[in-house]
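Comments concern the structure below.
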Amino acid sequence: MLRAYVVAFLIFLYAPIALLPVFAFNSGTVIAFPLDGFTLDWFAALRTNSELHSALLNSLTVAGTTSVLSVLLGLMAARANIRYTFPGKAAAMGLVMIPLVLPEIIVATSLLVVVVQFFGWSLSLVTVVAAHVLICTPFAIAILNASFQSLDPALEEAAIDLGETRSSTFRLVTLPLIMPGIIAALLICFTISLDEFIIAFFLTGSDTTLPVYIWSLLRFPNQLPVIMALGTILVIVSILILTLAEWNRRRGIARMGGKDSGGFL
Amino acid sequence: MQQETKRGLGLIAPPFFYAVLLMAGPLLAIVVFSFWTQDYLTVDRTPTIANYVEAFGDPIYRAIMGRTLWISGLVTLITVLLAFPVAYFVSFHVDPSRKSLWLFLITIPFWTSYLLRIFLWKVILGYNGVLNSILSYINVPLEAVGNATGILWMQEGLSAPLYSASAVVLTLSHAFAPFAILPIFVALEKIDRSLLEAARDLGETAVTAFIRVTLPLAAPGIVAALLIVFIPTVGDYVTPAQVGGPGGLMIANMIQTQFLGLNNAPMGATLAVIAMLIVTVIALATVWLARRLSGVR
Amino acid sequence: MNLIELRGIQKYYGDYHALRGIDLDIAEGEFFSLLGPSGCGKTTLLRVVAGFEDVSSGSVMISNKDMTGVSPNKRPTNMVFQSYAIFPHLSVAQNVAFGLRKRSDLNAQARMTLVEDALDMVGLDGYGARAANALSGGQRQRVALARALVLRPKVLLLDEPLSALDKKMREQMQVELIRLQRQVGITFILVTHDQEEALVMSDRIAVMFDGEVAQIAEAEDLYRKPVSRRVAEFIGTMNFLPATVAGEKVEVAGLGHMELSDTQSMATTDGDTMAGFRPETATLLFPGQKTEGRIASGTVSEVVYYGDMTYYDVTLDGCERPVRISMRNVFGRPVLDIGAPARLAWSPGAVTLFARA
């Protein structure tokens, strides 16, 4: 009975996503059953939409920059957290992790107030990246904490004992061993930033990101099939990225000779 | 020792100051801002509590705040109730080597296109939607399903099913389900299986062992799940905007309207501060209550 | 000549006084052990020598060079870590060659030869291409040894190197470590909490308690002439009986009178002391058996049969707590029952007097 419930739950979980490709290939312009016929027109329409292309490019730029910056900050915080003791550590770590439990609308509005009302700066993709780094860093820290945690401190000491300096030890031992964690963190941060809507909605200037662009399309019923086609592609890409991240994480665990405790977080 | 401390401080400094600059600072700013007022495009910097008076006095704001809490609370309860059996199944009934695959399957929908997932519920539930078109295809009116199951929005007919608080509750419960499963799963995984065997050995049945051993030990995970669902749902904007209609709007929608629609940013800031305070108070109360309840240990 | 000289080493962690003034000299080519219970500071002391911990005060000299401020990568020491710290992303050969990276005087061929020789030395010839993860505990231990020894350090530091191995493997590695140390002639400093391991392997042993060195001695002296009751209890088993010293006379409860000069005395004053003797230095006489030595009488209160040995607890007349006697189970000798009267043959030369702690 429990198994039946779980299967039903998974169907519930996947139902909306499963509908995406159904309507993306449906030739009818109304999103309803029964289906009309098969078409690739909606995908073809994506290829010629220049607004979409620039939004996509913006999103990729934002997500790429965000993931690199978040992982750099995450590396520092996770390393400090696992390897060092210093006064105020718990408080500092707590503060850095707060965005994880802060409603995104609060992050969005508070930054909007500072940027526009206090400084009078103009909004741009830079403000979006700044906010995305803030919310992605805790995720990077969570993943990298686990990486540093499973790294035997004696490995670094052994490298130093064998004649390496601190920096060459980091390059030769630490970095290769936490690389799977770094890659997983990069991919997760990339996915979060690529998918994030509300902060981008508040903080973007004239350049829109992909979710903001999709949001603007949702008001037009005749655009819906195209959105379905776009959504299908996005979901496939997201699943590919996540699979890559998960595969990487497992490889990392296997390499460290540890046992899998499951899950990204 | 001294050197190690310096290294640790040096490492934590960049992420710490980033969070101070982009989170703590702006949060302080929004609090300051909420005591100002705005008339069209000019901001009056004289400190006043007028916004707070209005926020708590105006029936529209009170209604929205009440609805936000009601919807978020309901979503939290439903999500955690739905999630617990799944977490339990994966922890206790799935082969250990396949657990991470299951978790992966459960988390995938959470990471994929939030906006489109919400929108697809609109497609499913809406007038001319998937649910309705399937039902009319097999000649069962939605009202009949509603009467049979007792679901109110279905009974009320097709004219309004989508634009209601129920649709918001359903959609949000779906969106945050994976988030609730993970902490419960982690708590269940930590339970030493021999404790359950010991309970059975001491005369408990499977059911009483679950109630007297598993549930109390899973409590920290359940509390974490409650918070991890409640906090973001309070601030959710997309779902009420998409499927809520006028009867399902929440505080985030009102904040957005104040900032980007009505040009009354200080009022938006006030509502944001109130939302933040409510979330903090409820989160702390939950943690405190959980500590009290598990205080037997 | 002393290779390592430690003078007045003090180490504080905040308020915690981990090392309380350690003075040690270790000779070149010596197999030296730091022995003590967990938390006694032995690992901290080893890490002080390696350079991983700086001292609060005192000095570390290696080959007459002051090591203060010299980082671990510049010291002529190499370490075998408790967890072995084998780099999991490198092969066995790459692990062994790790420390040779900075040796610009070696070409690839020479490096390979050194690695192969080192692997050969620890009995892992032909394992070079294996992934480090595919190794057993004993093999990891050998890789860790080869990796350190290939650099020909002046001192090899071993931090509980055998604690992760099972009993059989541990005994085998003990013998191999002794052989290896004789072969390379490098000074070994071993940290261990296992007194048997220290006794078997070391030239000299420093017993540590609470951040202080209690005794430094060769294995046999440590066992036969422990300086304090605490050392005696930590190294092997010893029976303790209350004793009183008056001038040249000693009265031990249950055993009787003896001359002070016949015993080993670590006590410095007259009056109440503790007398101790090892379980194997006394013999239980069986009915009809005769002896030249002195006899104490009592009752058998517990018998534990070990196959090759039998351990008896004997309550001597006039004593409350029983003493333990270990007897080899020679063929034809009966095992006594609980409650049987016992006659104990002992000699004053095996009795050590300690200050009553």
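Every chain is numbered from 1, with letters handed out A, B, ... down the list of sequences. Only heavy atoms go into these numbers, but all of them, side chains included; no hydrogens, no water, no symmetry mates.
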Under a 4.5 Å heavy-atom cut-off, does chain A meet the side chain of [X], its backbone, both or neither?
| X | result |
| --- | --- |
| B:L271 | neither |
| B:V234 | neither |
| B:I118 | neither |
| B:A252 | both |
| B:I228 | neither |
| B:I106 | both |
| B:F119 | side chain |
| B:V20 | both |
| B:I231 | both |

Does any part of the side chain of [Y], heavy atoms only, come nearer than 4.5 Å to the side chain of [X], both counted from C-beta?
| X | Y | result |
| --- | --- | --- |
| A:I199 | A:T204 | no |
| B:V31 | B:F35 | yes |
| B:H93 | A:V6 | no |
| A:L111 | A:F202 | no |
| B:P14 | A:L73 | yes |
| B:T280 | B:L284 | yes |
| A:M228 | A:L19 | no |
| A:I17 | B:L120 | no |

Chain B heavy atoms under 4.5 Å from [X]: which part of the residue, side chain, backbone, both or neither?
| X | result |
| --- | --- |
| A:F12 | both |
| A:R166 | side chain |
| A:L95 | both |
| A:V133 | both |
| A:I141 | neither |
| A:L224 | side chain |
| A:L194 | neither |
| A:V96 | both |
| A:I198 | side chain |

Centroid separation [X] to [Y] less than 6.0 Å:
| X | Y | answer |
| --- | --- | --- |
| B:F89 | A:F9 | no |
| A:W215 | B:Y114 | no |
| B:W36 | A:F118 | yes |

With sequence neighbours excluded, give me every side chain to side chain donor-acceptor pair (under 3.5 Å) pair touching residues 137-146 of chain A. A:N81-A:N145
Most heavy-atom pairs under 4.5 angstrom with chain A, which of B:Y18, B:F16, B:F259? B:Y18
I'd like to know which of B:G268, B:G235, B:P26, B:A24 tops the heavy-atom pair count under 4.5 Å against chain A. B:P26
For chain B, the option from A:I227, A:V107, A:L218, A:V101 that forms the most heavy-atom pairs under 4.5 Å: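 Top count of heavy-atom pairs under 4.5 Å with chain B: A:L218.
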Among residues at least two apart in sequence or on other chains, which ones pass salt bridge (Lys or Arg N to Asp or Glu O under 4.0 Å) with B:R7?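 Salt bridge (Lys or Arg N to Asp or Glu O under 4.0 Å) list for B:R7, sorted by chain: B:E4.
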